[in-house]
Structures are given as structure tokens and as C-alpha cells.
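Inspection log for the structure reproduced underneath, given as C-alpha cells.
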Amino acid sequence: MISGKGRVKRDLWSNEVPPKEVTVSVYHDEREVANNWLYHSLLFIPVGNEKDVLNSLNEARQKTGWWKELHFVELDNTETENHLALEWIDLFAQSLFEKVYFYFFSVNYQNLDKTWWSKPQRDLRIYNRFFQIGLYGAIKWFFLTAGFKKVSVQNIFSDKKSRRREDKFHTQPMEEIEVKSLFKGEDIVFEHSEIIEIDSDHERERDYPSKSHFAQFVDLIMGTFSQIFDNTSKSKGKCMAADKCLTFELPAKLMKYNTNSRYYKRYAASFFPKQRLTKEQILEDDIRSKVNQFYNKREMKYILRNQRSLF
């Protein structure tokens, strides 16, 4: 059942044996590489796993001694912060894939009209549409195509940003997914009608301090992937994080369709669009049907940096 003002209501499973279901919390962050890429990263944690995942992150804090906010852009401040970043990447690659799902969705600005996303003229509908595409695509890939019949999203938490009053980011993506999934016969339920913005610093977040640790974790993985793809920094901490991730062949393994990979249906990365699209095409109802616009291979500039210097 979907609740909230103006929400779509339904009960698809009455008088039937309850199907395989999953209830998750979602943690979102974004990152821009100026004039090139917009990244949306989404961490899905089944609610029954949240305590275990938080314990794992905090055990790494205990091991390293870093209890303050971990923020990728500030890596290189202290040795203990760098150490925690490496420990969290190790958890991401070695064990947490059994308890969480992670989606790295990249929007290629080169194939968009600059006026759609440049500040302050940015078209908020376009930005929110990208978030919706990433969220809906991840729900379908991780859950609906993996045998789950019903997906309940308990809450979506997003790193707090300064947003314009007319921005419908907090409600529009979920409302449109609900309508689309209803007509497709997909049971996707958002238990709360608005995205919750939180401070990623757990020492400043008053309402959901424990959730801030997950926001920091998303930020770290997203920033590390960006460092590998874009090679935006020469700082020691960021390079250490990239090197650690590469020892596990990440994100390269996520760009391969390998059903035998331990990350299959757990972690994913995709890029959009492959070719230029009009605003109307992006805003139309069924953009996910344009499979030719989603691709999974991209060069990793961090790896290529030394090779190019030889020529």
C-alpha cells in the first residue's frame, strides 16, 4: 500500500500467498566533475542488515582511531583518516557485498545541452530525472530481475544540499516511479513520501546520526571511483584510496556482465547517455527502454596517467 497525499494506492497481493519481498533503506550522494560528469551513487541496505553494516563500519573506526567525519574531498588530512578510508574500501570489496547493494550511475554531460544543467539556469526537471532513472534502474536490476516480487523502500536519505524552493527533488522521483511501476505491474512501495536530507557529519546530524555513517561510506566509494575514472587529484590520500580499490579490480569488474562475479546483482556501474539526447527524449516516460543509451565501459584515466606520459 502506498500512502501520502496524492499517492497511488494499491494492494496487489491480497488473497495471494505473500511473494518474496525485500525492505531497504537507500543512501544517496552525488558528485560533479565540472563540464564532464554528474555521478549519482545509491547504497541499498536491507533493513535487517543495517545494524551489522554499521557495526562493521564502526569496528573499522575503532581499529584506525578515526571517529570524525570521513569525507573523500578531505582525504590526505591525517594518516588515521586515510587508514579508515582504506579499511572501508576493504570492507566494500571483501565482505559488505553480501549485505548491501551499490549503484554508481554516471551522466555524461558531453552529450547534453549545457544550458540544461549549468548553474544557475539548471533545469531541475532534468537533474531530478537523472536521479529517478538511477533509482528506478537500480531497483529493477538488484531486486525485480533477481526474483523479488515486492520492493519496499523504507526511507531514502540524501546528503544535505542547498536546493531552490521550487525544486521537487524530495518528492518528484518517487511519485513518477510509483506511477510507472503501477502501470507495469511492478510492486515498488515507498513507505515515506519524501526524501530525507541529512548532514553527512554524524557529530552535527541531530535526527539521524547513525545514518550519516552510511552517507560517508557512499561518498567514499563514489569519490574513489571518480578518482579512478577521472584522475582529478594527486593528493596522497585519494591516490591511496584509488590504489586500494584497484587491488580488487574495482570498478573494472562492475563494467563486465559476469554472472559468476561475487558482485553480480550486488554492485553495478553504468553510464548515460551514449549519444546525444534531446530534452524531450530524456523527460519521456520510458527512457529505460532505450538500452542503446546505457553503456558499461569507460576508460580509467587514473590507470592511464603514467602510460600517456611515455608518449
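We're numbering straight along the sequence, starting at 1.
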Run the salt bridge (Lys or Arg N to Asp or Glu O under 4.0 Å) test against [X] and tell me which residues pass, sequence neighbours left out.
{"X": "Asp230", "value": "Arg298"}
{"X": "Lys63", "value": "Glu87"}
{"X": "Glu69", "value": "none"}

(message) Test: salt bridge (Lys or Arg N to Asp or Glu O under 4.0 Å). Region: residues 43-54. Which pairs qualify, not counting sequence neighbours?
(response) Glu50-Lys211
(request) Sequence neighbours left out, what pairs pass salt bridge (Lys or Arg N to Asp or Glu O under 4.0 Å) with at least one residue falling in residues 94-110? (result) none
Residues in side-chain hydrogen bond (donor to acceptor under 3.5 Å, both in side chains) with [X], at least two apart?
{"X": "Lys256", "result": "none"}
{"X": "Asp199", "result": "Arg204"}
{"X": "His202", "result": "Gln216"}

Residue list, ring pair (Phe, Tyr, Trp, His ring centres under 6.0 Å) with [X], at least two apart or on another chain:
{"X": "Phe72", "value": "none"}
{"X": "Phe248", "value": "none"}
{"X": "Tyr302", "value": "none"}

(message) Suppose clustering is done on Ile, Leu, Val, Met, Phe, Trp and Tyr with side-chain heavy atoms closer than 4.5 Å. Which residues sit in the same group as Leu86?
(response) Met240
